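Read through the structure below, which is laid out as structure tokens, and then see the notes.
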Amino acid sequence: MTKRDPKKKSFGVGYAGDGPLKSRNIIVGGYRTSLQLELSMWDALEEIGSREGLSINKLCSSIKQRIEEQARHRGVPPDEAEAALTSAIPVFVANYYRCSSTEDGHRFAGHGGGDPFLGTPLQRPPDATITAAPPR
């Protein structure tokens, strides 16, 4: 396994899941906890919280509460219902943006032009050139 370059930078949108995790202490349900998420997930939580008028603490508490409500509704015993918040957050973020996307929004972001990676962490940097893979 190779060491990561500590100077590795994102393309301005966040890491594409291969970057370092960032730990943050937050309050969930009145208790202090530490979460490790990719930088893009923290950015997304901040953006969603801003749009919805919620702090990250309140947003994460609400996500945790919904997970527990769904487990109770399915009849899952409380000791088996403990869901990892770090797993639920990316699912929530993806579905939040998926539900809020519109055709007009896609056109504004430049989507539909053959490059679905525009505006995502997988977007090529402006100076990247496309090269063919070497023949095998």
Side-chain angles (χ1 to χ4, degrees):
M1 183 179 206
T2 61
K3 282 183 102 174
R4 294 193 194 287
D5 180 0
K7 296 176 190 166
K8 184 177 182 181
K9 299 213 185 242
S10 72
F11 300 135
V13 186
Y15 289 99
D18 67 345
L21 296 174
K22 179 175 176 163
S23 290
R24 281 181 70 174
N25 291 321
I26 62 170
I27 307 296
V28 176
Y31 297 96
R32 182 174 169 229
T33 188
S34 179
L35 290 179
Q36 286 190 332
L37 297 169
E38 284 85 5
L39 296 174
S40 59
M41 284 295 116
W42 286 118
D43 290 345
L45 283 174
E46 288 176 7
E47 184 177 292
I48 292 168
S50 176
R51 286 182 177 178
E52 300 295 335
L54 300 169
S55 68
I56 287 182
N57 292 340
K58 180 64 177 162
L59 183 57
C60 289
S61 292
S62 296
I63 293 169
K64 179 78 168 165
Q65 183 180 13
R66 293 294 176 101
I67 294 167
E68 292 168 352
E69 287 173 7
Q70 289 176 349
R72 278 193 304 274
H73 181 71
R74 289 190 320 265
V76 176
D79 59 334
E80 294 178 24
E82 186 62 30
L85 189 57
T86 53
S87 297
I89 287 172
V91 172
F92 165 75
V93 167
N95 282 284
Y96 179 90
Y97 285 117
R98 185 174 181 219
C99 290
S100 65
S101 68
T102 64
E103 288 305 315
D104 289 339
H106 282 292
R107 281 191 293 280
F108 181 74
H111 297 169
D115 187 358
F117 301 106
L118 288 176
T120 74
L122 297 175
Q123 175 177 318
R124 285 194 179 94
D127 60 345
T129 57
I130 300 172
T131 58
R136 291 184 175 200

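Just so we're clear, the structure is a prediction, and the values are computed from it rather than from any experiment.
A search for salt bridge (Lys or Arg N to Asp or Glu O under 4.0 Å) contacts involving R74 returns nothing, not counting sequence neighbours. Not a single salt bridge (Lys or Arg N to Asp or Glu O under 4.0 Å) links E52 to another residue, sequence neighbours left out. Not counting sequence neighbours, the partners of D104 by the side chain to side chain donor-acceptor pair (under 3.5 Å) test are R107. Remark: S62 engages K58 in a side-chain contact (heavy atoms from CB on, under 4.5 Å) (not counting sequence neighbours). Judged as a side chain to side chain donor-acceptor pair (under 3.5 Å), and not counting sequence neighbours, the contacts of R24 are E46. By the side-chain contact (heavy atoms from CB on, under 4.5 Å) test, Q36 is found to be paired with L21, S23, residues two or more places apart in sequence or in another chain being considered. Checked against side chain to side chain donor-acceptor pair (under 3.5 Å), Q70 has no partners two or more places apart in sequence or in another chain. Looking at residues two or more places apart in sequence or on another chain, you find no side chain to side chain donor-acceptor pair (under 3.5 Å) involving S34.
Residue pairs meeting the salt bridge (charged side-chain N to carboxylate O under 4.0 Å, His left out) criterion with at least one member in residues 89-101, sequence neighbours excluded, do not occur.
In this structure, L45 CG and I89 CD1 are separated by 5.0 Å, a value rounded to the nearest 0.5 Å. Atoms OG and CD1, from S61 and I56 in turn, are 11.5 Å apart once rounded to the nearest 0.5 Å. Atom-to-atom distance recorded for L59:CG and R51:CZ is 12.5 Å, nearest 0.5 angstrom.
For Y97 and E47, the side-chain atoms include at least one donor-acceptor pair closer than 3.5 Å.
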